[in-house]
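Numbers here simply count residues along the sequence, with the first being 1.
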Amino acid sequence: MKRLLRIIWAILFSRATPPFVIGFFLLVYVGIAFITDETLIALMRYTRTSFFLTAMLALLPLNFAVRLVVETIGYLKMRRVVMVSTEDVQPGLFDETVELTVTSSFEQLQSHLEALGYKTRRIAGALGAWRGISIFPARILFIAGVFLLYAGILISLTTRTSERVAIVEGEKFSSSTGESGIVERITFEPSSGLILAKKLSMEVAASSGKGKNVFGVYPPSLYQGAFVYPRYLGIGLFFNFTAPELPAGYETFSPLNIYPPGKEATSVIPGSPYRLVFSLVGPDDETDPYTTGRMNFNFKLLKGKDLVLTGSAPRGGEFVRDGYRLAFRDSRRLVITDFIRDYGVLMIWASGILFVIAGCFWLPVRIFFPRSEMLFRSGPDRIQAFSRAEGRGRKHEGVFHEALDLLEMRRTDRKSFEG
């Protein structure tokens, strides 16, 4: 059992685990690419349904969670050691270790290091010296960010749910999560922002009658625990169709994906061989019909595979020929919208924030205030000297060796005095 636990710990703590897992998924991705063109979607589906792939992916956040704990413990040990506690110096804490067969009280060395800008702490038989600011906070924030990133990806792949709904101007704003008032207006207009050329907004009156909610493209809005993602624009068309074989006629509301102008969408007349293919006419004055609301429609009437007739009519108009009649009662803007429950995306956003904070802390500290530390311990017949630096290592190394030379000089002076 202990051997098994050691193996599990080694896998979770190893720095080789992340590249191994990422490489494994890359090989799986390449293999799937030979089977289907939708490689990424297929990989996400297989990962969601396969316990083995999910467990492999879970190794990534677990690895960084373990490293977060281990590096925090290591930093606290280093801090205690440099502050000249009685703890033993474990291997790997310092970059350089030197032993001198001399003894010293470190008084002169302490004064020398303080004159160079080092803060010091001395007790009987030990001297610690440090200068600058540690990049440990930035590193911990970075590791925590990577943990949140991989944890968010894992949660998104395994728990994400999505529902696609047509949000129509003047109709209820609804999904399976519930209802929240009426869509008062949908606007699509030029934007002065840096990211998007046009701004989409859906204004929804609250069900309580007080206030309203506005949903746009960016940033994504949250509605009853689900993110609201507008996907594409369309037209909701109310039309009435009459044919010689259908004297009673057929009337319906049909959500059509016919934006931008020229894009076609089909509406099937149930219980008949007829199909109507609609498209939005592009205006001559280059205005956007979705923005202005002035809409004209082209249509093609098909009976089976045969084209019966073609024509066009504006919103509120009608087309009549050879016993066929098509009336466009009304048209409304609509937005095909996804309601996505994905709690992992919150963790992914949080990871991005941590990366930014870590970078803003790390860069100035590493350039202007790099951390350097030294520890000297005196034994009965020797001195152990330890050194590490997080930046400007060559300069710190020079100071460290000057300190060693100073200790050696004290030994030489003592021998001369005794002689």
Side-chain angles (χ1 to χ4, degrees), residues 162-175 183-191 196-204 215-217 228-243 246 249-270 272-321 324-339:
S162 178
E163 177 191 12
R164 180 159 292 185
V165 177
I167 303 300
V168 184
E169 196 172 40
E171 300 293 324
K172 289 183 177 181
F173 183 83
S174 62
S175 72
V183 181
E184 291 186 339
R185 186 172 63 158
I186 296 175
T187 59
F188 187 58
E189 55 192 9
S191 172
L196 302 175
K198 289 190 175 182
K199 178 183 178 182
L200 172 71
S201 63
M202 298 179 286
E203 299 180 7
V204 182
F215 302 95
V217 176
V228 181
Y229 287 101
R231 290 306 184 190
Y232 52 86
L233 307 180
I235 305 296
L237 186 60
F238 292 86
F239 68 89
N240 180 277
F241 172 72
T242 304
L246 297 171
Y250 173 73
E251 187 172 76
T252 188
F253 165 78
S254 182
L256 301 172
N257 181 18
I258 56 174
Y259 183 85
K263 190 175 183 179
E264 295 185 337
T266 301
S267 181
V268 177
I269 309 300
S272 77
Y274 291 106
R275 291 181 295 126
L276 285 163
V277 180
F278 297 101
S279 63
L280 194 61
V281 179
D284 296 333
D285 58 0
E286 297 184 357
T287 58
D288 190 333
Y290 195 95
T291 301
T292 63
R294 298 191 300 269
M295 300 180 186
N296 292 291
F297 302 94
N298 287 332
F299 70 90
K300 292 184 288 188
L301 177 63
L302 292 90
K303 187 176 184 180
K305 295 183 179 180
D306 299 327
L307 178 63
V308 178
L309 56 85
T310 62
S312 63
R315 171 186 179 181
E318 64 179 24
F319 180 92
V320 180
R321 180 187 296 174
Y324 295 96
R325 178 176 175 272
L326 181 61
F328 298 103
R329 302 295 187 192
D330 193 10
S331 63
R332 299 180 183 179
R333 301 178 185 89
L334 67 82
V335 181
I336 304 300
T337 305
D338 287 347
F339 291 83

Is there a donor-acceptor pair under 3.5 Å between the side chain of T292 and the backbone N or O of R294? yes
Separation between CG (D338) and OH (Y232), nearest 0.5 Å, reads 8.5 Å
Item to check | R332 side chain near D330 side chain, heavy-atom distance below 4.5 Å | outcome: yes
For R325, the side chain to side chain contact (heavy atoms under 4.5 Å, CB included) test, sequence neighbours excluded, returns N240, T242, E318, V320, A327, R329
Exercise. Look at E203 together with R185 and state whether they make a salt bridge at an N to O cut-off of under 4.0 Å.
Key: yes
Taken to the nearest 0.5 Å, the spacing of Y324 OH from K303 NZ works out to 5.0 Å
Salt bridge (charged side-chain N to carboxylate O under 4.0 Å, His left out) pairs touching residues 273-283, sequence neighbours excluded, are none
Correct closest heavy-atom pair for S267 and F239 would be OG-CZ, 3.7 Å
Does any part of the side chain of M295, heavy atoms only, come nearer than 4.5 Å to the side chain of R333, both counted from C-beta? yes
Working note: F253 + L237, criterion side-chain contact (heavy atoms from CB on, under 4.5 Å); need CA distance, chi angles, decisive distance, verdict. CA-CA 6 Å; F253 165 78; L237 186 60; 6.0 Å; no
*Does some side-chain heavy atom of P270 sit less than 4.5 Å from a side-chain heavy atom of Y250?*
yes
Between F278 and I235, is any pair of side-chain heavy atoms under 4.5 Å apart?
no
Of all heavy-atom pairs linking G293 and R315, the shortest is O-NH1, 3.4 Å
CD (E189) and CG (D288) are apart, to the nearest 0.5 Å, by 11.5 Å
- Item | Student check: side-chain heavy atoms of P289 and N296 closer than 4.5 Å | no
**Item:** Worked verdict on F241 versus L301 for side-chain contact (heavy atoms from CB on, under 4.5 Å)
**Value:** CA-CA 10 Å; F241 172 72; L301 177 63; 3.8 Å; yes
message = Is the shortest side-chain heavy-atom distance between V204 and I167 below 4.5 Å?
response = no
Problem - Stepwise side-chain contact (heavy atoms from CB on, under 4.5 Å) test for V183 and K172 - result: CA-CA 6 Å; V183 181; K172 289 183 177 181; over 6 Å; no
Would you please indicate if the ring centroids of F297 and F328 are separated by under 6.0 Å? yes
In terms of heavy-atom contacts, E184 and E169 come closest through O-CG, 4.1 Å
Residues T310 and R321: closest non-hydrogen pair is O-NH1, 4.1 Å
Taking every heavy atom of P261 against every heavy atom of V281, the minimum-distance pair comes out as CB-C, 4.1 Å
Are any of the side-chain heavy atoms of L276 and I269 separated by less than 4.5 Å? yes
Y229 vs F339, test: side-chain contact (heavy atoms from CB on, under 4.5 Å). Steps then yes/no.
CA-CA 6 Å; Y229 287 101; F339 291 83; over 6 Å; no
Is a side-chain N or O of S272 found less than 3.5 angstrom from the main chain of Y274, in a donor-acceptor match?
-> yes
**OP:** Evaluate the side-chain proximity of F319 to F299: yes if any heavy-atom separation is below 4.5 Å, no if none is.
**Re:** yes
Shortest non-hydrogen pair, I186 vs L200, comes out as CG2-CD1, 3.9 Å
The residue among M202, R231, E163 that forms side chain to side chain contact (heavy atoms under 4.5 Å, CB included) with T337 is M202
To the nearest 0.5 Å, atom CD1 of I258 lies from atom OG of S331 at 8.5 Å
The reported gap from OG1 in T266 to CG in N257 (rounded to nearest 0.5 angstrom) is 11.0 Å
